[in-house]
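Residue numbers start from 1 in every chain, and the chains themselves are labelled A, B, ... in the order their sequence lines are given, proteins ahead of strands.
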Amino acid sequence: MGIYYNFPAEDDMNCPVKLFTSHRIYQEIEREALNQLLTAATVPGVLAVVGMPDLHQGYGLPIGGVMASEEGGPISPGAVGFDINCGVRLLKTGLTLEELNNLSNNLLQELRKRIPAGLGKSSSLKFSESEFKQIITQGLPALAQLNLLDEVILSRCEDQGSFPGADSSAVSKKAINRGITQLNTLGSGNHFLEVQQVVNSQPESDFKQGEVVVMLHTGSRGFGHQICKDYLKLAEKCQQKYNLSFPVKNLAHFPLNSPEGQDYLAAMGCAANFAYANRELLTQRLREIWRDLFPQSELKLYYDHTHNIARWETHIIAGQEQRVLVHRKGATRLSNDTPALIPGSMGTSSYVVKSLNSENTALALQSTAHGAGRKMSRTQAKKSITQEQHRSSLGEVKAVSSSGGNMLDESPLAYKDISLVIDSLQESQLAHPIARLKPLVVLKG
DNA sequence: ATGTTC
């Protein structure tokens, strides 16, 4: 029996809350993050709330939180997050470390020069409004129609790279204007492009020991951010109209069967498609660099998935199979036949995991962690971590910031130990690692 | 995360 913490439905909670952490990680979880998770269970129409071991304080729902709503129940922009379809993509290179080694300095310089990155950065590509709308409505298949898709990769993407129900008429002009120049950019904060080496792979996995891979972590940029902002404002306005009780302002929501709720889902789908396309286009920029530096190597997509989204799924909740809208915010869907990519903090290993298909995976609504999870806020990290501490925490890893900043707020010292998160997933019988990916070279946003 | 004020 894998362990988890169960908080029964008490007082004004509508459902129990299950927190899937080891005892060790539980000690590190902030009181406020747990409080936010328990508060989510008080929203009327919420049928299940689950926390992952990388739980930390967020806006409304904590990062690492999963919240399932009944049909007609709440849909909450804050429970998806500002970076809609923030996600991870992993590429295989077929190269060994030896083939890469002489070039790693060049590679870092080329990445910095040729990958559009940093706060407010515009893309090197120009899209017309109609092309942009086609992309945000259809996702990756639209890139294929525009002759911008290199290969048939849809089966290696969550949602086949096309989120259903997206409708650009639900997206504000302001969001379109922000998004149209940002498609094909990495962004900032915890977004990164990292070259890694497989150091520990299970024999049954697709990974060879020592193989070089590339991981990309980015999302929907200012586009998704604007959509979240627009709909949070609308939700507050709709509170009276639908006579809703928000336990905290940041858990503002719509009824799923309201026009506004449906509009949010349609707009959220556009941001999801933006982010799928963004990761694909950045992969193409990377391929251009790769062709120059490693002409014998071809970048092949291993998998691409999100960790910030709401989607319809069927789960057994309280013994009853039902269709629910699952919000995952800093949590990854993990079905029995797909892998999940769990990026570490800068300078620490990332992992590929598979489901353990246990009783607990069903209780966790088929969810797993999304990363190491913060241990300090950005401001706290900048105050308390010194340059020297940060530099030594990076060890041999070559890191460069596109913005030229000191990256203290992204230091591994500001995050939980990813290996404890992975141990925790195993102890809870949610997932087990099939490969550990050690960082070599990282471009931070 | 973010044209850094959710």
Worksheet item: A:Glu194 versus A:Val397: any side-chain heavy-atom pair under 4.5 Å?
Response: no
Item to complete: Take atom CZ of A:Arg221 and atom P of B:dT2, then tell me their distance rounded to the nearest Å.
Response: 5 Å
Worksheet item: How about A:Gln284 and A:Glu280: does a side-chain donor come under 3.5 Å of a side-chain acceptor?
Response: yes
Discussion item. Can you measure A:Asn278 atom CG to B:dT2 atom P for me and round it to whole angstrom units?
Written reply: 10 Å
Worksheet, complete the sentence: Whole-Å distance, A:Lys382 NZ to B:dT4 P, equals 13 Å
Worksheet item: Tell me: CG of A:Leu186 to C1' of B:dT2, nearest whole Å?
Response: 14 Å
Worksheet entry | Atom-to-atom span, OH of A:Tyr59 to P of B:dT4 - whole angstrom | 16 Å
Discussion item. What contact category does A:Glu236 fall into here, base, sugar-phosphate, or nothing, at under 4.0 angstrom with non-hydrogen atoms?
Written reply: nothing
Worksheet entry | Partner residues of A:Lys133 under the salt bridge (Lys or Arg N to Asp or Glu O under 4.0 Å) criterion, sequence neighbours left out | A:Glu129
Discussion item. Please compare A:Gly187 and A:Lys229 by the position of their nearest nucleotide in DNA chain B and report the one closer to 5'.
Written reply: A:Gly187
Discussion item. Between C1' on B:dT2 and CG on A:Asn308, what's the gap in Å once rounded to a whole number?
Written reply: 13 Å
Discussion item. What is the separation between atom CZ on A:Arg378 and atom P on B:dT4, rounded to the nearest whole Å?
Written reply: 14 Å
Worksheet item: Are the charged groups of A:Glu410 and A:Arg378 less than 4.0 angstrom apart, N to O?
Response: yes
Discussion item. Tell me the interatomic distance from A:Lys249, atom NZ, to B:dT5, atom C1', rounded to whole angstroms.
Written reply: 10 Å
